[in-house]
Every structure is written in C-alpha cells, then in structure tokens.
Amino acid sequence: MGAEIEAGEVLTTPLDGLHRELGARMAPFAGYAMPINYPAGILKEHLHCRDKAGLFDVSHMGQVRLSGANVDRALETLIPGDIVELPAGRQRYSMFTNAEGGILDDLMVARGEDHLFMVVNAACKAADIAHMKAKLEPLGVTVEALVDRALLALQGAEAAAVLARFIPSSAALPFMGMGSGNFAGVPVTLTRSGYTGEDGFEISCPADAADFIARKLLAESEVAPIGLGARDSLRLEAGLCLYGHDIDATTTPIEAGLAWSISKRRRAEGGFPGAEVVQRQLAEGVARRRVGVRPEGRQPAREGTEIVAEDGRVIGRVTSGGFGPSLGGPMAMGYVETAFAQAGTKVTLPVRGKPLAAEVVKLPFVAQRYYRG
Amino acid sequence: MSVMTIKYTKDHEWVRVDGDAATVGITDYAQGQLGDVVFVELPDAGRELNQGGEAAVVESVKAASEVYSPVSGAVTESNAALLDTPALVNESAQNEGWFFKLTLSNPAELDSLMDEAAYKAYVASLG
C-alpha cells in the first residue's frame with residue numbers, strides 16, 4: 001500500500017472545526033487543510049450531490065473585488081473574456097493569459113453595481129493578485145483580496161429548493177447570475193454557478209458566519225457535506241478543466257476547447273496577452289486539442305498516461321483520469337494531435353505495460369444540468 | 001482440523017496460511033484509507049511472487065495503489081469476483097475481498113510478519 005501524505009505547515013478555512021467534527025479525512029491542498037472526503041466516501045458523496053444536494057467548502061479559493069472608473073476595460077487587458085459587455089448581475093468564465101497565449105489561471109468574474117467580483121484558484125491566487133496589482137493599479141483599478149470572506153458551494157438537483165427556504169429570491173437567479181441575499185440575517189453574495197455540472201450556487205459570506213451558514217444548510221435533509229475527492233470526479237464527469245492539470249501556462253484557450261469563452265468582439269480586437277497567438281489559432285487551427293477519452297472496461301487511466309494511436313505512435317497524454325461514479329466507468333481528459341480529436345477515434349492507453357483500449361469521446365461524460373429557467 | 005495463521009505486513013496486506021497454501025488480501029484499515037475501490041488488477045495463476053514484490057494493483061476513485069506480496073510463492077488462483085465487484089474489497093476486505101492465493105515457497109518468511117495483536121498496535125500507532 002502507498003505512503004501517506006505528510007502534513008506540513010498548512011492554513012485552515014473557517015470550516016476546519018466543522019470538517020473535523022463531521023469526520024472528514026483532511027489533506028493539504030494548495031496550502032490549506034481541506035476535506036478530501038467525509039465518512040460516506042467519495043462514491044456516495046458524488047452520487048448524493050447529483051441526486052440531492054451537496055455542500056462544499058471552497059473557502060481556499062481566492063475572492064477578489066476590483067473597482068475603479070474603467071475596471072472592465074482594464075481587466076480586458078489581462079483576460080480574453082468580454083467584460084465591457086458583461087451586464088450587471090451576470091457572471092462569466094475566463095482566464096488570465098500569458099504572452100504566448102498560455103493560461104496563467106482560469107477564473108469566474110461577475111459584475112456588481114460598481115465593481116467586479118472575481119473567484120480564482122487557490123493555488124494561483126497569490127500570483128493572480130500580484131499580477132492584477134502590477135498591471136491594473138496603474139490603470140486606476142483598486143484590487144482588493146477579500147481575505148475575510150469564506151466561499152461555500154451548494155450544488156445538485158435539490159440545491160435551488162434548499163437555498164430558496166433561506167433566500168426565496170435565489171430561485172429567480174439565472175444560470176451565471178449574481179445577486180445579494182440575506183441568509184438568516186447574514187448578508188451574502190450568491191452566484192448561480194459551480195463546478196459539478198449541476199444546478200447550484202456559490203455563496204460568498206463573511207468568514208465568521210461560514211460555520212453558521214454551513215450548519216444551517218447541513219441541517220436540511222437533502223444536504224450532505226462533499227469533499228474535494230467528489231468535487232474532482234463531479235467536475236471531470238462534467239468535462240470541466242482543472243487548472244494545473246487540464247490547462248496551464250503551456251496550453252492556450254483554443255487548444256483547451258475554451259474558445260466559447262471569447263466573444264466575437266474580443267477575437268477581433270484582441271488586446272489581451274498572447275492575443276496574436278489566440279487569433280492565429282482561431283484562424284488556422286491548432287496542432288492539438290483537449291478531448292474526452294473513455295477506456296473500455298473498468299480500469300482507470302490516470303493523469304500522465306500516454307495516448308497512443310492505432311499505429312502505435314504516441315499522440316498525446318492524459319491530463320485528468322479517474323472513475324466516474326455517475327458514469328459507472330472510467331473516464332479521462334487529455335490532449336491529442338488534432339487529426340485524432342474526432343469523437344469515435346480508437347486509441348490505446350498504456351497502463352502498467354498493458355494497452356487499455358479506449359475511444360475519443362465528446363465532453364461532457366455526464367450531461368450538464370444547469371438552470372435554464 | 002488444521003491451524004490457520006493470519007499475519008500482517010506494515011504495508012497493510014494480510015496473509016492467511018493453511019499448511020503451504022496462503023490467501024492474500026488487504027486489511028480493513030487499508031480499504032478504509034483507500035476509499036471506494038473501483039478496479040483491481042490481480043496476478044495470473046502460475047506467476048511467481050517474491051516477498052515484498054509488486055503483486056496486484058488496487059484503484060480507488062482517486063488513485064492507484066500497489067499491493068505487495070507478504071510472502072514468496074507461486075500464484076494458484078486470483079479472486080475473479082473482484083473483477084465484476086471490486087467493492088467487495090470495501091465490504092469484506094478480510095474475507096470475500098481476498099486478492100489471490102499462492103503456494104508458499106519459503107514458509108520461514110512468515111516469521112518476519114506481524115501477528116494480529118502486533119498489527120493492531122501498529123495501526124493504533126499510525127493515529
């Protein structure tokens with residue numbers, strides 16, 4: 001059996017005590033002690049979230065408030081997302097790019113009345129904030145890390161019904177909408193989005209109210225706590241990228257299949273780091289693409305596994321791989337040469353010396369069920 | 001009646017010995033640490049295993065882990081039920097969830113393994 005992860009000096013979220021009380025298996029993730037799973041285990045947590053509602057602590061993620069006269073136009077100098085035309089109360093997915101068009105981090109950004117609210121990955125948040133301070137403050141933008149706030153995600157088929165008991169107006173929030181609410185006396189910011197492929201919300205609240213809100217939600221019969229283990233299997237089934245694995249500084253949004261996040265105006269105007277690379281790839285195509293790969297049988301192929309064409313040539317590599325509890329089988333994502341990116345292409349995945357038969361498939365593995373009003 | 005002996009390794013495998021026939025699996029503690037088992041790769045009959053050598057692989061939703069043979073010997077059978085129902089490892093790690101059987105080639109190796117009391121103390125020491 002493999003070695004245990006050694007715990008070093010780690011930060012904690014405001015829900016640390018609750019996780020331990022619930023019997024979570026904790027492990028360091030991006031510098032934080034985080035719940036990997038609770039006693040129910042990853043498989044049951046995953047299925048419960050899809051079927052009912054799951055509560056996730058994602059307080060390790062970075063929450064940032066950006067304000068200033070031309071904050072939207074300023075932010076567009078760092079990301080290819082269309083922020084100028086983002087209406088108040090709406091949220092968008094985008095990414096910070098580098099001069100080569102590679103992805104420095106992916107992010108969610110929403111427009112409030114007088115500011116932008118951004119959520120970035122935990123492992124990248126220090127670099128993201130430094131990047132924004134260096135590049136946006138000279139343009140008159142105030143960059144404020146919301147270090148005194150926690151972030152909870154309530155996801156799943158019953159998430160909206162549960163949250164409406166506390167915040168009735170949340171039911172009317174559209175997919176990728178943002179609103180404010182009052183949760184049993186606590187002012188919160190809600191977005192109708194998440195990382196599971198299900199309907200659901202992310203709830204930004206004062207750090208000192210997170211435990212109160214989490215306990216209120218967990219007291220509802222539909223809600224179970226879900227750890228990072230199931231968060232990963234849920235997002236992979238939904239075909240969503242994990243930064244540092246499926247996307248990184250060496251992959252562009254076009255190779256990653258994220259061109260949908262770049263509007264017509266931004267494609268034409270450019271004006272973000274690496275725009276010429278992204279524009280050239282949009283016009284001429286890319287040499288490799290992110291695809292779904294489905295192994296036959298039950299054996300998973302993990303991150304790093306080579307993807308091999310029928311003629312024996314290595315045409316790519318798995319970037320995320322595991323077992324999909326809702327799918328009922330193994331699943332993987334990875335990059336392959338564009339000629340092999342067509343769904344139905346037969347490939348093999350050498351695992352411990354044996355070639356696993358697999359097929360390139362369309363993403364997602366499990367249909368997304370976002371709220372469509 | 002024969003006397004059955006169960007011994008344990010620090011890597012959380014168990015071996016149940018009856019004469020020169022041995023059955024190998026992973027402990028209940030190990031399955032709890034792994035979480036839901038979704039796939040098991042087992043050694044074919046006839047394969048010669050060395051004590052401490054790689055013998056099988058157990059995959060949970062999250063990760064793959066090696067299983068080492070607690071003793072040396074030739075594999076006589078692997079547990080076909082695990083191929084269709086890998087969850088048996090979680091439900092019954094020390095009975096129905098056995099991995100493989102082998103014929104001992106060096107019974108003296110058993111002396112290097114822990115008995116049940118020693119293994120329990122070892123697990124307790126892991127916290």
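Lettering follows sequence order; numbering is per chain, from 1.
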Query raised in the report: Do A:D106 and A:N121 have a side chain donor and acceptor closer than 3.5 Å?
Result: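 Side chains of A:D106 and A:N121: pair found under 3.5 Å.
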Query raised in the report: Can A:T13 and A:D57 be counted as having a side-chain donor-acceptor contact under 3.5 angstrom?
Result: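 Checked: A:T13/A:D57 side chains pair up, N/O donor to acceptor below 3.5 Å.
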Query - Minimum-distance pair of heavy atoms, taken over all atoms of A:E45 and A:A230 - result: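 Here A:E45 and A:A230 meet closest at CB-CB, 4.0 Å.
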**Report entry** Taking every non-hydrogen atom, the tightest pair across A:L152 and A:V58
**Finding:**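 Heavy-atom minimum between the residues: C-CG2, 4.3 Å.
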Is chain A contacted by the side chain of [X], its backbone, both, or neither, given a heavy-atom distance below 4.5 Å?
X	value
B:L126	neither
B:V57	side chain
B:T27	neither

Query - side chain to side chain donor-acceptor pair (under 3.5 Å) partner of A:K346, the single match among A:E296, A:E359, A:E310 - result: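 The residue from A:E296, A:E359, A:E310 that satisfies side chain to side chain donor-acceptor pair (under 3.5 Å) with A:K346 turns out to be A:E359.
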Requested in this report: With a 4.5 Å cut-off on heavy-atom pairs, point out which of A:G229, A:G329, A:P300, A:G41 contacts chain B the most.
Outcome: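 Between A:G229, A:G329, A:P300, A:G41, the count favours A:P300.
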Requested in this report: Output the option from A:K354, A:R352, A:E303 having the highest count of non-hydrogen pairs under 4.5 Å with chain B.
Outcome: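 Going by pairs under 4.5 Å, I would pick A:R352.
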**Report entry** Atom group of A:R302 that falls short of 4.5 Å from chain B, counting heavy atoms
**Finding:**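 When you check distances to chain B, only side chain atoms of A:R302 fall under 4.5 Å.
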Report task. Assess the pair A:F323 and A:H46: is the distance between their ring centroids shorter than 6.0 Å? Result ->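 Ring centres of A:H46 and A:F323 not closer than 6.0 Å.
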**Report entry** Best-contacting candidate, B:K10, B:E59, B:K62, against chain A by heavy atom pairs under 4.5 angstrom
**Finding:**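 Ranked by heavy-atom pairs under 4.5 Å with chain A, first place is B:E59.
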